[in-house]
Amino acid sequence: MTLQSGPVNALGSGLRQGILAAVEAAEADPAVKAIVLIGGGRMFSAGADITEFGKPQSGISLPDLLNRIEASTKPVVAAIHGNALGGGLETALACHYRVAVPSAKVGLPEVKLGILPGAGGTQRLPRVVGPRKALEVIVGGSPIGAKAAAGMGLIDELAPEDGLRAHAVAFAERVVAEGRPLTKIRDRDDKIAEGRDDPSLFAAFREENARKTRGFEAPEACIACVEAACRLPFDEGIAFERAQFQALVSGTQSAAQRYVFFAERQAAKIPDVPDDTPARPIAKVGVIGAGTMGGGISMNFLNAGIPVTIVETRREALDRGLKTIRTNYENTAKKGRLKPEDVETRMGLLSDTLELDALADCDLIIEAVFEDMGIKKEIFSKLDAIAKPGAILASNTSYLDIDAIAAMTSRPADVIGMHFFSPANVMRLLEVVRGEKTAKDVIATAMQIGRKVGKIPVLVGVCHGFVGNRMLAERQREANRLILEGVTPWDVDRVIYEFGLPMGPFTMSDLAGLDIGWSRETNKSESVRDLLCEQDRRGQKTGAGFYDYDARRKATPSPVTEEIIAKVAARQGVKRKDATDQEILERCLYPMVNEGAKILEEGKAIRASDIDIVWINGYGWPVYRGGPMFWADTIGLPKVLERLRAYQAEYGDAFKPSALLERLAAEGKGFKDL
Ligand code: CAA
């Protein structure tokens with residue numbers, strides 16, 4: 001039986017009906033001795049059809065279908081290549097045997113969609129691999145290779161890479177010839193004994209993963225299901241899993257996480273730059289600047305096997321940058337996440353120079369120097385003379401005008417923004433900034449190379465701070481106003497952290513360094529930041545900023561900071577007042593949503609979901625809240641509008657609702673309807 005449905009064999013109602021009919025026909029046909037279930041096309045199956053969630057079910061449900069397969073009177077062998085994920089793996093688990101090619105990947109990624117394996121996966125997997133491994137697979141959500149799966153007993157036999165079908169058929173014939181029993185995973189209980197005898201393993205797992213799973217509902221439900229698998233008879237376990245699944249799939253978190261799954265794929269699509277736009281070949285990359293950003297950016301390309309030439313103006317800065325890159329790799333190797341020989345392979349792809357001329361043969365040049373328009377203009381006019389024809393000239397600026405930079409060259413069509421997020425070798429977001437004259441194939445190339453080096457590229461337009469930092473500035477402004485009114489920085493940070501972001505604005509400032517863009521010469525001793533910097537409280541790196549830090553960089557609220565804030569507030573005559581957590585949250589986040597709406601109005605982002613992808617991947621916005629625009633929709637735009645108006649009355653036009661927000665609220669629509 002060959003599964004054949006769309007690009008990933010998603011188990012939608014049509015495919016489920018087809019499998020049911022084929023199993024029944026095979027059972028009824030005396031000539032059939034066994035069934036091999038194999039995927040047509042690229043893979044076995046990517047699981048349930050996610051687009052069907054939340055809609056009325058048509059035809060047989062996946063759990064019922066799998067029970068039917070398991071109850072077959074003839075052996076069913078799953079033959080796996082490509083992926084068997086979610087319901088795809090659950091289908092394989094309902095079969096009596098599983099064979100796979102070594103390159104196949106199996107996993108239960110449902111947790112990443114805010115749900116759990118709801119077709120028996122939480123009950124069958126622990127019966128095969130034991131509760132501990134099952135927890136890792138189900139709560140971790142990452143696929144595992146077939147070899148590792150075979151090691152766990154999840155795959156019965158590995159098949160040759162190019163002979164899966166023949167191998168699986170031979171396997172089935174052997175099963176029949178030997179009269180092997182129809183092994184059903186539901187009947188096994190040897191592996192789950194461990195969870196019954198030592199239930200403390202669940203508490204230990206919860207504790208180990210508390211940081212990673214903070215705020216998410218699905219991981220806890222997954223753990224509870226595996227616990228139930230160890231404790232309850234199979235059918236009761238299945239009923240428990242069903243109830244947990246239903247609760248999750250109808251909740252906001254799962255809606256948000258499914259939305260993000262599709263939003264991420266949407267972001268790759270640019271209406272006027274079709275998928276088949278030819279991209280320029282990128283065999284060699286130049287990076288200007290060996291600071292934190294330049295170094296991190298270079299690592300992305302080295303990791304992908306693309307040679308990089310890095311340029312600095314001074315030898316010491318260059319050496320320092322190279323040393324940081326090497327240390328980063330060595331640390332990764334020490335943690336066992338990189339083979340020691342790969343450190344040398346990657347470093348071997350890196351050349352360094354003090355001469356800009358050395359970039360003449362690069363296909364892509366990324367400038368990552370200090371945020372100073374004068375310096376950037378100078379570099380681009382030099383690059384214009386140096387770079388080979390057709391080379392892409394990119395700036396990593398985080399807010400400056402790409403068009404003004406492009407205007408310094410005779411080839412503005414080749415100029416584009418590629419804004420990486422710090423730490424650039426870790427954060428997945430890449431804002432690709434489209435200038436007024438940027439050529440379509442340059443956009444296609446930047447998006448494609450971004451994906452190749454493991455980023456999630458999002459196309460944005462030229463404006464101050466682009467999408468991410470432009471919205472961040474709104475939050476920063478309000479956070480600063482709140483502390484002058486008497487809310488402590490620690491309370492603002494706590495509210496933002498509890499909302500689900502990795503850190504609040506003041507922790508973030510301390511981490512980045514308060515002296516970015518500050519100098520003693522230009523210091524005006526006006527803001528809280530000015531006064532903190534004057535006292536050499538420049539953030540974590542100096543052991544103090546808004547917070548005090550101990551030797552292990554643990555933060556404690558600082559009375560010095562509170563005094564400074566009180567002083568600045570008195571000098572500026574700010575009225576001190578209390579604010580509830582709700583007000584703190586609204587004042588920090590609603591202006592961001594409002595700014596997002598302005599960005600859409602101005603066409604600086606293609607769609608609201610692109611803004612959400614920026615915030616999730618660049619700033620750690622909690623996935624289970626779907627990004628700021630999705631979040632605003634879940635609150636309801638009329639409510640957001642009403643609060644913005646109230647704050648506008650009190651604090652002025654920083655809160656003035658955008659025309660788009662007004663219109664959508666009036667029409668009873670959300671950003672999702674755009
Ligand atoms: N349902 C519906 N559509 C799906 C899908 C699914 N499970 N998986 C992928 N697609 C769609 C994608 O949206 C994409 O559509 P467009 O071409 O229109 O953009 C298309 O199939 C191809 O997908 P990718 O671009 O992602 O292809 P890829 O080769 O890069 O990746 C993949 C393949 C690794 C399988 C990846 O698609 C993936 O991770 N899919 C989701 C897997 C998953 O989460 N499965 C669990 C489903 S929930 C479940 O099964 C619940 C249960 O227990 C009953």
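Keep in mind that the numbers below use all heavy atoms, side chains included, and drop hydrogens, waters and symmetry copies. Atoms within a ligand are numbered from 1 in the order they appear, just like the ligands themselves.
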Is there any N or O on [X] that sits under 3.5 Å from an N or O of ligand 1?
X: Gly87; value: yes
X: Phe53; value: no
X: Arg42; value: yes
X: Thr51; value: no
X: Ala46; value: yes
X: Ile115; value: no

Ligand 1 versus [X]: contacting region, heavy-atom distance under 4.0 Å:
X: Leu113; answer: side chain
X: Lys112; answer: neither
X: Lys269; answer: side chain
X: Val8; answer: side chain
X: Pro109; answer: side chain

[atom]: protein heavy atom closer than 4.0 Å?
atom: atom 11 (C) of ligand 1; value: no
atom: atom 31 (O) of ligand 1; value: no
atom: atom 17 (O) of ligand 1; value: no

Q: Decide, yes or no, whether a salt bridge links Glu27 with Arg68 under the criterion of side-chain N to carboxylate O below 4.0 Å.
A: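 Judged by the 4.0 Å cut-off on N to carboxylate O distance, Glu27 and Arg68 do form a salt bridge.
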
Q: Using the side chain to side chain contact (heavy atoms under 4.5 Å, CB included) rule, take Phe245 and Glu110 through it: C-alpha gap first, then chi angles, then the decisive distance, then the call.
A: CA-CA 10 Å; Phe245 178 85; Glu110 285 89 342; 5.8 Å; no

Q: Could you tell me whether ligand 1 has any atom less than 4.0 Å away from a heavy atom of Gly121?
A: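 No, Gly121 has no heavy atom closer than 4.0 Å to ligand 1.
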
Q) So, does Lys105 sit close enough to ligand 1 that a heavy atom of it is under 4.0 Å from the ligand? A)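 No, that is not the case, since the closest heavy atom of the residue is not under 4.0 Å from the ligand.
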
Q. For Phe44 and Ile80, which heavy atoms make the closest approach, and how far apart are they?
A.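 Closest pair (atom of Phe44, atom of Ile80, distance): CB-CG2, 4.0 Å.
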
Q) Looking at Phe499, does the NZ or CZ of Arg625 lie under 6.0 angstrom from its six-membered ring centre and within 45 degrees of the ring axis? A)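 The answer is yes, since Arg625 meets both limits relative to Phe499.
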
Q | Over 12 foreign heavy atoms within 6.0 Å of CZ, Arg196 | A |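 Buried by this count: over 12 neighbours within 6.0 Å.
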
